[in-house]
Amino acid sequence: MLSLRAPPRTLSASPWRRRGRLDGFAAPRCVSAAPPATTLETATARSAGVSFPILVNGCTGKMGVSVAEAATSRGLHLVPVSFSSRENLDKTIQVGDTDVEIYGPSAREDVLSSVIDEYPDVVVVDYTAPDSVNSNAELYCKLGVPFVMGTTGGDQQLLYKSVQDSENYALISPQMGKQVVAFLAAMETIAEQFPGAFSGYRLEVLESHQAGKLDTSGTAKAVIACFEKLGAVFDMERQMVKIRDPEQQLYMVGVPEEHIEGHAFHLYHLTSPDDSVSFEFQHNVCGRSIYAEGSVDAAVFLYKKVQSMDPKRIYNMIDVLQEGDMR
Ligand SMILES: NC(=O)C1=CN([C@@H]2O[C@H](COP(=O)(O)OP(=O)(O)OC[C@H]3O[C@@H](n4cnc5c(N)ncnc54)[C@H](OP(=O)(O)O)[C@@H]3O)[C@@H](O)[C@H]2O)C=CC1
Ligand SMILES: O=C(O)C1=N[C@H](C(=O)O)C[C@H](O)C1
């Protein structure tokens with residue numbers, strides 16, 4: 001177990017350690033996960049003309065249940081079905097007034113087909129696990145059901161290929177939080193307009209998430225891709241600092257104790273070749289409400305695209321933001 005006095009080796013040469021208690025990595029003041037009632041009312045009113053069935057896959061998990069709750073709060077019809085990687089779970093999850101029945105892998109194709117028969121305009125939102133991204137996407141594409149892929153990891157190239165080949169509708173994004181999506185959009189714009197502007201700069205990246213997170217942050221990977229276009233050099237395997245130890249998160253990163261089990265802190269530090277210039281960017285999120293609300297925005301956006309038979313078919317959250325469809 002690592003302590004403040006003995007920082008992890010991976011952090012030993014980093015700017016975060018030089019600052020002692022990572023004091024620049026301060027947590028936001030996180031109060032409540034629930035948005036104020038007035039915001040919900042506004043959102044419900046805004047999506048009043050749009051109501052459709054939504055199936056959230058991964059309701060045994062934390063994001064799945066948060067999205068299901070946000071969807072019902074926004075007046076969408078939650079399909080009372082979700083899937084698990086476990087067979088014969090014989091479990092229901094209560095979300096508001098809905099009892100969501102959980103099915104195992106062997107039943108998922110038949111059950112999803114029946115759902116599509118009953119709710120032909122259903123949209124699926126997927127928050128499962130990195131190792132199910134591709135097989136789940138294959139199934140949604142095979143059955144022609146539009147889906148929002150919030151789950152990170154898997155083979156992203158294959159994911160896009162499955163959607164392209166099937167001509168299905170999908171929205172894929174490792175990041176659903178509006179303000180972080182805006183930051184990512186800004187990074188993509190800078191990278192496109194000024195490629196090589198940070199040539200030779202050293203990049204250091206730290207990401208801290210709850211211990212149960214299986215993969216490296218998909219958001220960090222997307223931001224790093226932009227820094228690479230800007231000319232910074234980064235070796236994902238060797239240089240990425242992933243913090244999953246609650247003690248380090250509490251004492252070194254500064255995550256509030258109540259958010260140790262649900263946070264996403266990211267820090268990117270750039271240093272010029274002669275050490276005379278440095279840049280630092282951070283986005284620190286406590287809880288999951290911004291992703292849950294963004295996921296519902298994504299489902300509403302995708303539903304509208306399907307209804308209007310939009311030819312683009314594959315979208316990301318920057319598309320949603322650009323069309324002014326994020327609350
Ligand atoms: N895009 C974004 O903005 C965000 C993305 N994420 C991503 O969402 C994913 C889930 O995160 P989180 O909810 O915190 O993780 P959890 O571990 O809490 O939940 C994931 C759930 O997926 C279930 N699961 C695993 N395999 C399958 C499968 N094949 N079919 C159906 N369900 C399955 C597991 O349940 P069981 O054991 O019953 O199978 C588990 O409960 C991660 O990839 C994370 O990175 C998270 C936050 C924001
Ligand atoms: O697993 C999480 O929690 C999160 N995953 C996403 C990612 O991998 O980028 C988004 C956010 O960091 C929360």
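All values reported here derive from a predicted model rather than from experimental measurement. Order of listing sets the numbers, starting from 1, for every ligand and every atom in it.
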- Exceeds 12 heavy-atom contacts within 6.0 angstrom, atom CZ of Phe194: no
- Task: State whether the number of non-hydrogen atoms from other residues, nucleotides or ligands found under 6.0 Å of Asp99 atom CG is greater than 12.
- Result: yes
- So which bit of Asp131 gets within less than 4.0 Å of ligand 1, heavy atoms only: side chain, backbone, both or neither? neither
- Note: Arg108, heavy atoms under 4.0 Å from ligand 1, region reported as neither
Verify, without hydrogens or angle tests, whether [X] (side chain) and [Y] (backbone) share a donor-acceptor contact under 3.5 angstrom.
{"X": "Arg202", "Y": "Thr271", "answer": "no"}
{"X": "Asn316", "Y": "Asp319", "answer": "yes"}
{"X": "Asn168", "Y": "Val145", "answer": "yes"}
{"X": "Asp165", "Y": "Ser162", "answer": "no"}
{"X": "Ser132", "Y": "Thr128", "answer": "no"}
{"X": "Thr98", "Y": "Val100", "answer": "no"}
{"X": "Asp325", "Y": "Phe301", "answer": "no"}

Who's the nearest protein heavy-atom neighbour of [atom], and how far?
{"atom": "atom 22 (O) of ligand 1", "value": "Thr128 CA, 3.3 Å"}
{"atom": "atom 48 (C) of ligand 1", "value": "Tyr291 CG, 3.5 Å"}
{"atom": "atom 34 (C) of ligand 1", "value": "Thr60 OG1, 3.7 Å"}
{"atom": "atom 28 (C) of ligand 1", "value": "Ser132 OG, 3.7 Å"}
{"atom": "atom 13 (O) of ligand 1", "value": "Met63 N, 2.7 Å"}
{"atom": "atom 4 (C) of ligand 1", "value": "Tyr127 CE2, 3.7 Å"}
{"atom": "atom 1 (O) of ligand 2", "value": "Lys213 NZ, 3.1 Å"}
{"atom": "atom 2 (C) of ligand 1", "value": "Pro174 O, 3.3 Å"}
{"atom": "atom 42 (C) of ligand 1", "value": "Thr152 OG1, 3.8 Å"}

Any nitrogen or oxygen of [X], main chain or side chain, under 3.5 Å from a nitrogen or oxygen of ligand 1?
{"X": "Thr151", "value": "no"}
{"X": "Ser173", "value": "yes"}
{"X": "Lys62", "value": "yes"}
{"X": "Gly177", "value": "no"}
{"X": "Leu89", "value": "no"}

Under 4.0 Å to a heavy atom of [X] - the qualifying atoms of ligand 2, by number:
{"X": "Tyr291", "answer": "11 (C), 13 (C)"}
{"X": "Gly218", "answer": "7 (C), 8 (O), 9 (O)"}
{"X": "Thr219", "answer": "7 (C), 9 (O), 10 (C)"}
{"X": "His209", "answer": "2 (C), 3 (O), 4 (C), 11 (C), 12 (O), 13 (C)"}

- Task: List every atom of ligand 1 that sits less than 4.0 Å from any heavy atom of Asn57, numbering the atoms from 1 in the order shown and giving each element.
- Result: 31 (C)
- Task: Take the angle between the ring planes of His263 and Phe265 and call it parallel below 30°, perpendicular above 60°, tilted in between.
- Result: perpendicular
For [atom], which candidate among [options] holds the nearest heavy atom?
{"atom": "atom 10 (C) of ligand 2", "options": "Ala264, Ser217, Pro174", "answer": "Pro174"}
{"atom": "atom 19 (O) of ligand 1", "options": "Gly61, Gly64, Gly154", "answer": "Gly61"}
{"atom": "atom 39 (O) of ligand 1", "options": "Ser82, Ser85, Gly150", "answer": "Ser85"}
{"atom": "atom 3 (O) of ligand 2", "options": "Lys62, Gln210, His266, Lys221", "answer": "Gln210"}

- Message: Please determine whether a side-chain nitrogen of the Lys or Arg among Glu109 and Lys142 lies less than 4.0 Å from a carboxylate oxygen of the Asp or Glu.
- Response: yes
- Task: Taking atom 15 (O) of ligand 1 as the reference point, report whether a protein heavy atom occurs under 4.0 Å from it.
- Result: no
- Query: Applying a strict 4.0 Å limit to heavy atoms, is His209 in contact with ligand 1?
  - Reply: no
- Item | Donor on one side chain, acceptor on other, Asn136 and Arg108, under 3.5 Å | yes
- Item | Distance-only donor-acceptor check, side chains His283 and Tyr268, under 3.5 Å | yes
- Task: Output, in order, the C-alpha distance, side-chain angles, deciding distance and verdict of side-chain contact (heavy atoms from CB on, under 4.5 Å) for Val56 and Met63.
- Result: CA-CA 10 Å; Val56 182; Met63 271 309 298; over 6 Å; no
- Message: Would you say the rings of Tyr201 and Phe234 are close, in the sense that their centroids are separated by under 6.0 Å?
- Response: no
- Query: Could you go step by step and tell me if Tyr140 and Tyr169 meet the ring pair (Phe, Tyr, Trp, His ring centres under 6.0 Å) rule?
  - Reply: CA-CA 10 Å; Tyr140 308 143; Tyr169 279 87; over 10 Å; no
